[in-house]
**Student:** 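I have a structure I would like to understand better, so I am pasting it below and will then ask my questions one at a time.
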Amino acid sequence: MKELSVLLKDIRKKKPLIHHITNQVTMNFLANGILAAGGSPMMALHYEEAEEAVMAADALVLNIGTVEPDSIKAMVLAGKKAKELGIPVILDPVGAGLSLLRKKAVEELVEQVSPDVICGNAAEISFLYGGDWGGKGVDGDQSENDDELALHAASKLGSVIVITGKKDAVSDGKECIAISGGHEILSYVTGTGCFSTSLIGLFMARSLETGLSCCQRAAGALTMLGICAERAKAVSAGPGSFQTALLDELYLLNPEDLNTAGRWS
């Protein structure tokens with residue numbers, strides 16, 4: 001899809017500022033990944049500066065991986081200000097059904113912020129859709145019907161839904177894109193799931209000029225991650241060298257290589 005290569009060129013030209021209130025386990029990797037892909041990261045976490053910080057951003061990424069009461073407060077304040085200013089909000093509901101605290105956090109964020117995109121695994125999206133939880137820790141089981149789940153969850157929640165797994169699914173409740181590619185070694189490196197959400201934030205940045213839909217932007221981000229993961233695996237001995245190689249491939253990817261032929265269905 002030619003429009004995706006144009007979008008990636010625009011990203012690298014404008015270097016959109018992607019603000020994160022996020023998981024402290026993976027924060028460093030997310031910042032380096034956004035830099036490598038062509039954007040600029042910001043991580044201002046305290047609720048006292050939440051509204052001011054987000055005003056400078058091109059997109060806001062919220063991740064409840066290491067959530068605390070104060071961080072929920074910061075996410076709601078930043079999210080509401082972002083929506084007021086037309087800044088896209090992307091939510092990663094990590095371990096959504098694991099505890100009462102996480103359940104409260106995602107309920108507040110969905111109801112009060114109404115994220116533009118919600119990106120999670122099948123267990124997290126299933127929980128948001130119907131209240132069931134089939135996860136292990138903060139990891140989720142692969143569903144047999146991710147396309148259908150994404151379609152129905154998007155209709156119910158009013159957000160673009162992204163389900164990551166062996167085959168990713170993206171839906172706005174009307175269309176659904178299934179994305180092939182990537183490599184299972186991604187699951188051996190902490191932060192790659194969180195980075196999917198960050199990269200979607202980069203592709204959703206408000207300063208970018210494109211006729212692509214929100215679904216196509218999100219699918220483009222996952223396509224980029226999939227291509228780079230395959231190339232990184234080819235030159236890696238294991239998860240350690242893969243993480244470094246993945247950052248290199250994000251930096252080196254030629255926009256013209258962002259070809260969706262055979263990857264989308």
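Scope of the values below: all heavy atoms of this structure, side chains included, with no hydrogens, waters or symmetry mates.
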**Student:** If you take all heavy atoms of A153 and I161, which pair is closest and at what distance?
**Tutor:**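 Of all heavy-atom pairs spanning A153 and I161, the closest is C-CG1, 3.8 Å.
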
**Student:** Please round to the nearest 0.5 Å and tell me the distance separating atom CG of L208 and atom CD1 of I11.
**Tutor:**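 Here the interatomic distance stands at 5.5 Å.
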
**Student:** State whether the side chain of D172 and the backbone N or O of E175 hold a donor-acceptor pair below 3.5 Å, judged by distance alone.
**Tutor:**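 Side chain of D172 to backbone of E175: a pair is present.
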
**Student:** Ignoring hydrogens and angles, tell me if any N or O in the side chain of S171 forms a donor-acceptor pair with the backbone of A154 under 3.5 Å.
**Tutor:**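 No, the answer is negative, given that no donor and acceptor are paired below the 3.5 Å cut-off.
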
**Student:** When you look at K104 and E107, which way does the salt bridge (Lys or Arg N to Asp or Glu O under 4.0 Å) test go after all the steps?
**Tutor:** CA-CA 5 Å; K104 177 185 174 186; E107 285 178 348; over 6 Å; no

**Student:** Please check if the side chain of E124 supplies one atom and the backbone of G95 the other of a donor-acceptor pair under 3.5 Å.
**Tutor:**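 Flag set: sc E124 to bb G95 pair under 3.5 Å.
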
**Student:** Is there a chain of hydrophobic side chains (I, L, V, M, F, W, Y, each step under 4.5 Å between heavy atoms) that links L17 to V61?
**Tutor:**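 No: no chain of side-chain contacts under 4.5 Å links L17 to V61.
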
**Student:** Given 3.5 Å as the limit, does a donor-acceptor pair link the side chain of S126 with the main chain of A122, or not?
**Tutor:**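 Yes, because the side chain of S126 sits within donor-acceptor range (under 3.5 Å) of the backbone of A122.
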
**Student:** Is it true that K14 and E209 have a side-chain N and a carboxylate O under 4.0 angstrom from each other?
**Tutor:**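 Counted as a salt bridge, because a side-chain N and a carboxylate O are separated by less than 4.0 Å.
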
**Student:** If you look at every heavy atom in A59 and I90, which pair is closest and at what distance?
**Tutor:**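 Minimum heavy-atom separation between A59 and I90: CB-CD1, 4.3 Å.
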
**Student:** Answer whether the closest heavy-atom distance between the side chains of L225 and S196 falls below 4.5 Å.
**Tutor:**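 A side-chain contact exists here, since the closest heavy-atom pair is under 4.5 Å.
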
**Student:** Which atoms form the tightest heavy-atom contact between T26 and G191, and what is the distance?
**Tutor:**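 Taking every non-hydrogen atom into account, CG2-CA, 3.3 Å.
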
**Student:** Determine whether more than 12 heavy atoms belonging to other residues, nucleotides or ligands lie under 6.0 Å from atom NZ of K103.
**Tutor:**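 12 or below, so no.
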
**Student:** Are the side chain of S159 and the backbone of V117 linked by a donor-acceptor contact shorter than 3.5 Å?
**Tutor:**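 Not a single qualifying donor-acceptor pair exists.
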
**Student:** Between V89 and L62, does the side chain to side chain contact (heavy atoms under 4.5 Å, CB included) criterion hold? Intermediate values first, please.
**Tutor:** CA-CA 7 Å; V89 179; L62 305 175; 3.9 Å; yes

**Student:** Other residues, nucleotides and ligands only: do more than 12 of their heavy atoms fall within 6.0 Å of CD on E52?
**Tutor:**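 No, because the 6.0 Å sphere around CD of E52 holds 12 heavy atoms or fewer from other groups.
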
**Student:** Is there a donor-acceptor contact under 3.5 Å from the side chain of R12 to the main chain of L7?
**Tutor:**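 Looks like no, no N/O pair under 3.5 Å.
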
**Student:** Any luck finding a side-chain donor-acceptor pair between W264 and S180 under 3.5 Å?
**Tutor:**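 S180 and W264 do not have a side-chain donor-acceptor pair below 3.5 Å.
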
**Student:** For the residue pair P16 and D58, what are the closest heavy atoms and their distance?
**Tutor:**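 P16 and D58 have their closest heavy atoms at CA-OD2, 3.3 Å.
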
**Student:** Can you tell me how far apart OG (S71) and CD (Q24) are? Round to the nearest 0.5 Å.
**Tutor:**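 Interatomic distance, S71 OG to Q24 CD, rounded to 0.5 Å: 8.0 Å.
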
**Student:** Which value, rounded to the nearest 0.5 Å, describes the distance between N23 atom CG and D92 atom CG?
**Tutor:**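 Here the interatomic distance stands at 8.0 Å.
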
**Student:** So, do H20 and M27 sit near enough that their side-chain heavy atoms are less than 4.5 Å apart?
**Tutor:**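 Contact flag for H20/M27 side chains = no.
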
**Student:** Which distance, rounded to the nearest 0.5 Å, do you find between the CG of L186 and the CD of Q243?
**Tutor:**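 Spacing of CG (L186) from CD (Q243) equals 11.0 Å.
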
**Student:** Would the distance check show the side chain of K83 and the main-chain N or O of S114 forming a donor-acceptor pair, the cut-off being under 3.5 Å?
**Tutor:**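 Yes, the answer is positive, given that a donor and an acceptor are paired below the 3.5 Å cut-off.
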
**Student:** Is there a side-chain contact between L246 and F29, using heavy atoms and a 4.5 Å cut-off?
**Tutor:**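 They are in side-chain contact.
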
**Student:** Using a strict cut-off of less than 4.0 Å between a Lys/Arg side-chain nitrogen and an Asp/Glu carboxylate oxygen, indicate whether E230 and R263 qualify as a salt bridge.
**Tutor:**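 Salt bridge: yes.
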
**Student:** Can you tell me how far the CD1 atom of I179 sits from the OG atom of S265, to the nearest 0.5 Å?
**Tutor:**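 Between atom CD1 of I179 and atom OG of S265 there are 8.5 Å.
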
**Student:** Would you say that M224 contacts F203 through its side chain, given a criterion of any heavy-atom pair below 4.5 Å between the two side chains?
**Tutor:**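 M224 reaches F203 side chain to side chain.
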
**Student:** Establish, for the pair K156 and Y129, whether the NZ or CZ atom is under 6.0 angstrom from the six-membered ring centre and no further than 45 degrees off its axis.
**Tutor:**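 Relative to the ring axis of Y129, which defines the angle, K156 lies inside both limits.
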
**Student:** Under a 4.5 Å cut-off applied to non-hydrogen side-chain atoms, are V110 and L157 in contact?
**Tutor:**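 With C-beta onward as the side chain, the pair touches.
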
**Student:** Under 3.5 Å, is there a donor-acceptor pair linking the side chains of N121 and T164?
**Tutor:**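 No - no donor-acceptor pair under 3.5 Å links their side chains.
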
**Student:** Side-chain contact test, heavy atoms from C-beta onward, threshold under 4.5 Å: evaluate it for M75 versus I64 and give yes or no.
**Tutor:**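 Heavy-atom side-chain distance check passes, below 4.5 Å.
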
**Student:** Can you check whether L212's main-chain N or O pairs, donor with acceptor, with T210's side chain at less than 3.5 Å?
**Tutor:**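 Looks like yes, one N/O pair under 3.5 Å.
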
**Student:** State plainly whether one hydrophobic cluster holds both L109 and L77, where clusters connect Ile, Leu, Val, Met, Phe, Trp and Tyr through side-chain heavy atoms under 4.5 angstrom apart.
**Tutor:**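 No, no single cluster joins them.
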
**Student:** How long is the gap from NE2 on H46 to CD1 on I21, to the nearest 0.5 Å?
**Tutor:**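 With rounding to 0.5 Å, NE2 (H46) is 11.5 Å from CD1 (I21).
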
**Student:** Are V76 and M55 co-members of a hydrophobic cluster defined by side-chain heavy atoms under 4.5 Å apart?
**Tutor:**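 No, it is not one cluster - the side chains of M55 and V76 are not joined through contacts under 4.5 Å.
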
**Student:** Please tell me if the side chains of S99 and R102 come closer than 4.5 Å, counting only heavy atoms from C-beta onward.
**Tutor:**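 The answer is yes, as the side chains (C-beta and beyond) meet within the 4.5 Å cut-off.
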
**Student:** For L253 and L258, run side chain to side chain contact (heavy atoms under 4.5 Å, CB included): C-alpha distance rounded to whole Å, both residues' side-chain angles, the deciding distance at 0.1 Å, then the answer.
**Tutor:** CA-CA 8 Å; L253 185 74; L258 207 54; 4.0 Å; yes

**Student:** Report yes or no: do I87 and L199 belong to one cluster of Ile/Leu/Val/Met/Phe/Trp/Tyr joined by side chain heavy-atom distances under 4.5 Å?
**Tutor:**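 Not linked; separate clusters.
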
**Student:** What pair of heavy atoms forms the shortest contact from I18 to S198, and how long is it?
**Tutor:**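 Heavy atoms of I18 and S198 come nearest at CG2-O, 4.4 Å.
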
**Student:** Could you check E256 against K9 for salt bridge (Lys or Arg N to Asp or Glu O under 4.0 Å), going step by step and ending with a plain yes or no?
**Tutor:** CA-CA 9 Å; E256 305 301 336; K9 289 176 183 174; 2.8 Å; yes

**Student:** Do the side chains of L247 and L30 join up, straight or via other hydrophobic residues, at under 4.5 Å, putting them in one cluster?
**Tutor:**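 Yes: a chain of side-chain contacts under 4.5 Å links L247 to L30.
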
**Student:** List the steps, then state whether side chain to side chain contact (heavy atoms under 4.5 Å, CB included) holds for L222 with V170.
**Tutor:** CA-CA 10 Å; L222 296 174; V170 181; 4.0 Å; yes

**Student:** Does R231 come within less than 4.0 Å of D257, counting only side-chain N to carboxylate O?
**Tutor:**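 Looking at R231 and D257, the cut-off is met.
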
**Student:** Donor-acceptor pairs are to be reported for all side-chain atoms of residues 32-42 against protein atoms at under 3.5 Å, with residues two or more places apart or in another chain.
**Tutor:**
from : atom 1 : to  : atom 2 : distance (Å)
N32  : ND2    : N28 : O      : 3.3
N32  : ND2    : N28 : OD1    : 3.2

**Student:** Within a strict 4.5 Å, meaning less than it, do heavy atoms of the P93 and L128 side chains meet?
**Tutor:**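 A side-chain contact exists here, since the closest heavy-atom pair is under 4.5 Å.
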
**Student:** With side chain to side chain contact (heavy atoms under 4.5 Å, CB included) as the test, would you mind laying out the steps for V94 and N63 before giving the verdict?
**Tutor:** CA-CA 7 Å; V94 181; N63 177 312; 3.4 Å; yes

**Student:** Please find the pair of heavy atoms, one from G238 and one from I185, that lie closest to each other, and give the distance.
**Tutor:**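 In this case the closest contact between G238 and I185 is C-CD1, 3.9 Å.
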
**Student:** I'd like to know if the side chain of Q216 and the backbone of S213 have a donor-acceptor N/O pair within less than 3.5 Å.
**Tutor:**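 Confirmed, Q216 side chain pairs with S213 backbone.
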
